[in-house]
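Here the structure is laid out as structure tokens; the discussion comes afterwards.
Side-chain atoms are counted along with the backbone in the values below, which use heavy atoms only and exclude waters and symmetry mates.
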Amino acid sequence: MTPIEDVFNLMYGLITDSDLAKLSNEDLEDLSITFLTYAITRFKESKADLTIVEDERNNKFFKDKLTIEEKMILAYGMLYAWLHHKVMYNRMMKNAINTKDFNQLSNANLLLRLNELLDYTRKEFNRLRKAYTKRYNDFSGWS
């Protein structure tokens, strides 16, 4: 069994977000589980059982022992979910305030950079999944 925190630590090692530091431990765990759920649902080709189980002390684990490769793929899936969340927030800000104010606040540039990073992360997530799939010569998870 692999603690889900192993994947959380990999993902949060890839980012810097001071807003996350402001969250309570419970809220951060809930958000992390949301991002992890997104990653799990998109990593269909995993050979490991990605079912999350809980012990008597409420610690959460994956049913199987994950390889570092599987953990990294999930971390990139979480990273993609986090970036998507950031992009959507900034898009909603653009809709909430007029274009001139949005551009003056340099949010337009931030949104552009976030979209570029989101695209890069999506490609990297897919590249890691394809490499994993190639290793096992099994493309059944791809549709």
Side-chain angles (χ1 to χ4, degrees), residues 1-54 58-143:
M1 293 191 347
T2 302
I4 61 173
E5 286 82 15
D6 288 4
V7 176
F8 294 168
N9 292 338
L10 283 171
M11 186 275 199
Y12 290 120
L14 296 170
I15 66 170
T16 305
D17 188 346
S18 57
D19 290 338
L20 293 175
K22 298 173 188 172
L23 296 175
S24 69
N25 287 344
E26 185 178 299
D27 288 342
L28 182 60
E29 182 177 352
D30 289 346
L31 188 61
S32 299
I33 293 212
T34 300
F35 296 153
L36 180 59
T37 301
Y38 177 93
I40 288 170
T41 61
R42 279 149 186 83
F43 187 25
K44 295 178 179 124
E45 50 286 326
S46 176
K47 296 296 174 194
D49 185 345
L50 300 179
T51 303
I52 297 173
V53 295
E54 208 170 298
N58 296 328
N59 296 317
K60 294 176 178 66
F61 299 87
F62 292 102
K63 211 172 193 179
D64 284 350
K65 182 168 176 48
L66 303 186
T67 65
I68 187 63
E69 185 178 21
E70 291 162 337
K71 292 177 199 176
M72 191 54 85
I73 292 168
L74 290 172
Y76 264 90
M78 288 179 68
L79 178 62
Y80 181 81
W82 172 77
L83 283 167
H84 187 266
H85 173 77
K86 291 276 193 195
V87 166
M88 294 310 294
Y89 175 80
N90 278 281
R91 283 183 187 164
M92 297 224 296
M93 284 292 295
K94 183 178 182 180
N95 293 337
I97 59 179
N98 69 43
T99 304
K100 181 181 174 196
D101 289 340
F102 186 80
N103 290 335
Q104 276 184 334
L105 296 170
S106 76
N107 286 341
N109 192 36
L110 175 63
L111 183 56
L112 176 67
R113 298 295 171 239
L114 279 172
N115 276 317
E116 290 171 354
L117 190 55
L118 182 66
D119 187 52
Y120 168 80
T121 303
R122 179 185 51 78
K123 288 176 183 173
E124 185 64 9
F125 179 49
N126 286 334
R127 185 193 69 73
L128 289 169
R129 290 173 47 222
K130 284 178 184 174
Y132 176 88
T133 302
K134 255 187 187 176
R135 182 170 285 113
Y136 294 101
N137 289 325
D138 181 8
F139 287 87
S140 61
W142 292 91
S143 52

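Counting heavy atoms from C-beta on, the side chains of H84 and Y38 never come closer than 4.5 Å. No side-chain heavy atom of I52 sits less than 4.5 Å from a side-chain heavy atom of T37. Under the 4.5 Å side-chain criterion, counting only non-hydrogen atoms from C-beta, L36 is in contact with V7. Considering only heavy atoms from C-beta on, I73 comes within 4.5 Å of E69 through its side chain. Inter-residue side-chain proximity for E116 and Y120 is flagged as unmet; no heavy-atom pair is nearer than 4.5 Å.
Taken from CG in L79 to CG in L10, the straight-line distance is 11.5 Å, to the nearest 0.5 Å. A distance of 12.5 Å separates CE of M1 from NZ of K60, quoted to the nearest 0.5 Å. Atom NZ of residue K65 and atom CD of residue E70 lie 10.5 Å apart, to the nearest 0.5 angstrom. In this structure, CD on E29 lies 8.5 Å from CG on N25, to the nearest 0.5 angstrom. The distance from the CD atom of E45 to the CZ atom of F43 is 5.5 Å, given to the nearest 0.5 Å. Here the CG atom belonging to L114 is positioned 8.0 Å from the NZ atom belonging to K86, to the nearest 0.5 angstrom.
With sequence neighbours excluded, no residue satisfies ring-ring contact (aromatic ring centres under 6.0 Å, His included) with F8.
Taking each heavy atom of D64 and K47 in turn, the nearest pair found is OD2-O, 4.5 Å. Taking both residues in full, the closest heavy atoms of Y12 and S32 are given as OH-OG, 2.8 Å, listed atom of the first, atom of the second, then distance. The two residues D6 and K71 have their closest heavy-atom pair at OD2-NZ, 3.4 Å.
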Verdict with supporting geometry, D27 and L31, side-chain contact (heavy atoms from CB on, under 4.5 Å): CA-CA 6 Å; D27 288 342; L31 188 61; over 6 Å; no
Candidate pair I4 and I33, rule side-chain contact (heavy atoms from CB on, under 4.5 Å), full reasoning: CA-CA 9 Å; I4 61 173; I33 293 212; 4.0 Å; yes
F62/D49 under side-chain contact (heavy atoms from CB on, under 4.5 Å): CA gap, chis, key distance, verdict: CA-CA 7 Å; F62 292 102; D49 185 345; over 6 Å; no
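Counting non-hydrogen atoms of other residues, nucleotides and ligands closer than 6.0 Å to CG of D19 gives a total above 12. When the shell of 6.0 Å around CD of E26 is examined, it contains 12 or fewer heavy atoms from other residues, nucleotides or ligands.
Each side-chain hydrogen bond (donor to acceptor under 3.5 Å, both in side chains) pair with one or both residues in residues 73-82, not counting sequence neighbours, appears once here: D17-W82.
Looking only at distances, a side-chain donor or acceptor of N9 sits under 3.5 Å from a matching main-chain atom of E5.
Results of the side chain to side chain contact (heavy atoms under 4.5 Å, CB included) test with L50 over T41, L66, T2 single out L66 as the only residue that passes.
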